[in-house]
Amino acid sequence: MRARYGVPLGITALGAACVGYAAGIEVRSFRLRRIAVPVLPRGMRPLRVLQISDIHMVSGQRKKQRWLQSLAGLRPDFVINTGDNLSDPEAVPEVLDALGPLLEYPGAYVFGSNDYYGPKLRNPARYLLEKASGRHGLNGNPPVVGAVHNPWEPLRDAFEAAGWAGLSNTRGRLKLESADIALTGLDDPHIKRDRYAEVAGGPNPDADLTLAVVHAPYLRVLDAFTADRYPLILAGHTHGGQLCIPFYGALVTNCDLDTRRVKGLSTHQASGHRSYLHVSAGCGTNRYTPVRFACPPEATLLTLTERPDRPGQR
């Protein structure tokens, strides 16, 4: 009996242990990623930017709320929220409670598809099928019918009452004590709400720095920002792959970005120019797939530093 059933039973036990770890431990093992990005003009002091993304709040997630509140202790110069705050239409008060201390800092935000629409139960294997077919979100797929509408308006109102700049297909500005930061943002490309023509033209010449912000890092958006010479693009959406294979990495990105750049800092090249790209793995999950494996939930503290001297650069 052992020879016949030992290996299958062992595989079943290992699988159950992995699921238990992914659903019970790692999904609540919140981390802070720290990285430095050399994008500031010479002579500027470093700036600390806290990026939060993909909170996907569900009512009752107290540990996530407390962790988000604690991030205010980092004392960032400003905060960037790259969307998907909700995974429960009843969770708006809990999102605002969790972000309350961070709303005391200058900030800006874009929304993602899950801010507008409630999640649907779906087979996780569809992400692999979409990757193989090159169809993601509403990009090439039929429009969503019968979607639950999330109450995103109270989020918008609270963010803007706190002074956070809304960047959905528009530009914004953060006047800091030591810097003037311009921001260019897009609404979510995953559901075809991006309108780059409305914000095209490149960085603001009279600002110390201009950053690009978007929820889902689709290549058409990254190409446009990079061609317009933005030094740094901030995005979320991918969940870092969410279910990854140790020593291999992510299988999917839920967009047309390659898995090599599914999270963390990388670069993007287009039209002879190069931009830094930071993709947050986010700190939540869709309420119907509350698991993470080899991809813990995170926020990122980016320290922006002086860019290196280059020949002919002023």
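- Residues satisfying the side-chain hydrogen bond (donor to acceptor under 3.5 Å, both in side chains) criterion with Asn81, sequence neighbours excluded, are Asn85.
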Item to check | Val79/Ile52 under side chain to side chain contact (heavy atoms under 4.5 Å, CB included): CA gap, chis, key distance, verdict | outcome: CA-CA 8 Å; Val79 180; Ile52 51 176; 4.3 Å; yes
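- Closest approach of Ala281 to Cys295, counting heavy atoms only: CB-SG, 4.3 Å.
- With rounding to the nearest 0.5 Å, the separation of CG in Asn169 from OG1 in Thr184 is 11.0 Å.
- The hydrophobic cluster containing Tyr248 also contains Val252, counting ILVMFWY residues as joined when their side-chain heavy atoms lie under 4.5 angstrom apart, directly or transitively.
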Checklist entry - Between Arg28 and Lys64, does a side chain to side chain contact (heavy atoms under 4.5 Å, CB included) hold up when you go through it step by step? => result CA-CA 7 Å; Arg28 297 177 181 86; Lys64 184 191 293 184; over 6 Å; no
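- Contact annotation: the side chain of Leu301 approaches that of Arg48 to within less than 4.5 Å [non-hydrogen atoms, C-beta and beyond].
- Put simply, CG on Asp180 and CG on Asp206 are 6.5 Å apart, with the number rounded to the nearest 0.5 Å.
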Item to check | Stepwise salt bridge (Lys or Arg N to Asp or Glu O under 4.0 Å) check, Arg42 with Glu306 | outcome: CA-CA 5 Å; Arg42 301 294 293 177; Glu306 292 181 342; 3.3 Å; yes
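- Side-chain atoms of Ser87 never come within 3.5 Å of backbone atoms of Val58 as a donor-acceptor pair (strictly under, hydrogens ignored).
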Checklist entry - Hey, mind stepping through Leu251 and Ile245 against side chain to side chain contact (heavy atoms under 4.5 Å, CB included) and telling me if it holds? => result CA-CA 8 Å; Leu251 297 175; Ile245 298 175; 3.8 Å; yes
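- Shortest non-hydrogen contact noted between Gly172 and Leu167 is N-CD2, 3.6 Å.
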Identify all side-chain donor-acceptor contacts of residues 237-244 below 3.5 Å with residues at least two apart in sequence or on another chain.
| residue | atom | partner | partner atom | Å |
| --- | --- | --- | --- | --- |
| His237 | ND1 | His215 | NE2 | 3.4 |
| His237 | NE2 | Asn254 | O | 2.8 |
| Thr238 | OG1 | Gly240 | N | 3.1 |
| Thr238 | OG1 | Val262 | O | 2.7 |
| His239 | ND1 | Gln242 | OE1 | 2.8 |
| His239 | NE2 | Asp54 | OD1 | 3.3 |
| His239 | NE2 | His56 | NE2 | 3.0 |
| Gln242 | NE2 | Thr289 | O | 3.0 |
| Gln242 | NE2 | Val291 | O | 2.9 |

Donor-acceptor pairs under 3.5 Å, side chain of residues 152-166 to any protein atom, not counting sequence neighbours: which ones?
| residue | atom | partner | partner atom | Å |
| --- | --- | --- | --- | --- |
| Glu160 | OE2 | Tyr109 | OH | 2.7 |
| Trp164 | NE1 | Tyr105 | O | 3.0 |

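- Electrostatic pairing of Lys175 and Asp208 does not count as a salt bridge here, judged by no charged N lying under 4.0 Å from a carboxylate O.
- Between the side chains of Arg45 and Ser178, at least one donor-acceptor pair of N or O atoms lies under 3.5 Å.
- Atoms CG and CG, from Leu211 and Leu47 in turn, are 9.0 Å apart once rounded to the nearest 0.5 Å.
- Of the possible polar contacts, none joining the Asp188 side chain to the Arg193 backbone as a donor-acceptor pair under 3.5 Å is found.
- Side chain of Gln51 to main chain of Leu234: no donor-acceptor pair is present (N/O by atom type, distance under 3.5 Å, no hydrogens or angles).
- In terms of modelled atom types and a separation under 3.5 Å, the side chain of Thr253 and the main chain of Cys255 share a donor-acceptor contact.
- Remark: Asp187 does not engage Arg195 in a salt bridge, criterion side-chain N to carboxylate O under 4.0 Å.
- At least one side-chain heavy atom of Thr285 sits less than 4.5 Å from a side-chain heavy atom of Val27.
- Using a 4.5 Å cut-off between side-chain heavy atoms of Ile, Leu, Val, Met, Phe, Trp and Tyr, Val214 falls into a hydrophobic cluster with Leu186, Tyr196, Val199, Leu219, Val221, Leu222, Phe225, Tyr230, Ile233, Leu257, Leu277, Val279.
- In this structure, the side chains of Ser271 and Asp223 stay at 4.5 Å or more apart for every pair of heavy atoms.
- With hydrogens and angles disregarded, no donor-acceptor distance shorter than 3.5 Å links the side chain of Glu298 to the backbone of Arg33.
- The minimum heavy-atom distance linking Leu209 with Leu40 is given by the pair CD2-CD2, 3.7 Å.
- Atom CG of Leu99 is separated from atom CD of Gln65 by 9.5 Å, given to the nearest 0.5 angstrom.
- Distance check, rounded to the nearest 0.5 Å: CG of Asn114 to CZ of Arg287 gives 11.0 Å.
- Applying the side-chain hydrogen bond (donor to acceptor under 3.5 Å, both in side chains) criterion to Ser59, with sequence neighbours excluded, gives Asp88, Glu94.
- The backbone N or O of Gly282 lies less than 3.5 Å from a partner atom in the side chain of Ser280, making a donor-acceptor pair.
- In this structure, the side-chain hydrogen bond (donor to acceptor under 3.5 Å, both in side chains) partners of Ser275, at least two apart in sequence or on a different chain, are Thr226.
- Here Phe247 is tied to no hydrophobic group at all, with no ILVMFWY side chain closer than 4.5 Å.
- Side chains of Pro297 and Arg31 form no contact here, defined as non-hydrogen atoms less than 4.5 Å apart.
- Here the side chains of Ser53 and Cys283 are not in contact, with every heavy-atom distance at 4.5 Å or above.
- Between Leu50 and Leu71 there is a side-chain heavy-atom pair separated by less than 4.5 Å.
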Next on the checklist: Run the ring-ring contact (aromatic ring centres under 6.0 Å, His included) test on His149 and Tyr117 for me, step by step, so that the C-alpha distance in whole Å, both residues' side-chain angles and the decisive distance to 0.1 Å come before the verdict.
Outcome noted: CA-CA 5 Å; His149 286 256; Tyr117 304 109; 5.1 Å; yes
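- Grouped by direct or indirect side-chain proximity (heavy atoms under 4.5 Å, Ile/Leu/Val/Met/Phe/Trp/Tyr only), Tyr218 sits alone.
- Looking at heavy atoms from C-beta onward, His273 lies out of side-chain contact with Asp228 at the 4.5 angstrom threshold.
- Residues meeting the side-chain hydrogen bond (donor to acceptor under 3.5 Å, both in side chains) test with Glu198, sequence neighbours left out: none.
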Checklist entry - Run the side chain to side chain contact (heavy atoms under 4.5 Å, CB included) check on Leu265 and Tyr276 step by step: do they pass? => result CA-CA 7 Å; Leu265 186 68; Tyr276 283 103; 4.1 Å; yes
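- The environment of CZ in Arg229 is sparse: at most 12 heavy-atom neighbours from other residues, nucleotides or ligands sit within 6.0 Å.
- Listed by first and then second residue, the ring pair (Phe, Tyr, Trp, His ring centres under 6.0 Å) pairs involving residues 59-82 are Phe30-Trp67 (not counting sequence neighbours).
- Residues Leu74 and Arg34 form a side-chain contact, since some pair of their non-hydrogen atoms from C-beta on lies under 4.5 Å apart.
- The heavy-atom pair separating Glu26 from Ala294 by the smallest distance is OE2-N, 2.9 Å.
- The salt bridge (Lys or Arg N to Asp or Glu O under 4.0 Å) pairs that include a residue from residues 232-259 are Asp258-Arg260, Asp258-Arg261, where partners are two or more places apart or lie in different chains.
- Considering NZ of Lys63 and CG of Leu68, their distance stands at 12.5 Å, rounded to 0.5 Å.
- With sequence neighbours left out, the salt bridge (Lys or Arg N to Asp or Glu O under 4.0 Å) criterion links Arg66 to no other residue.
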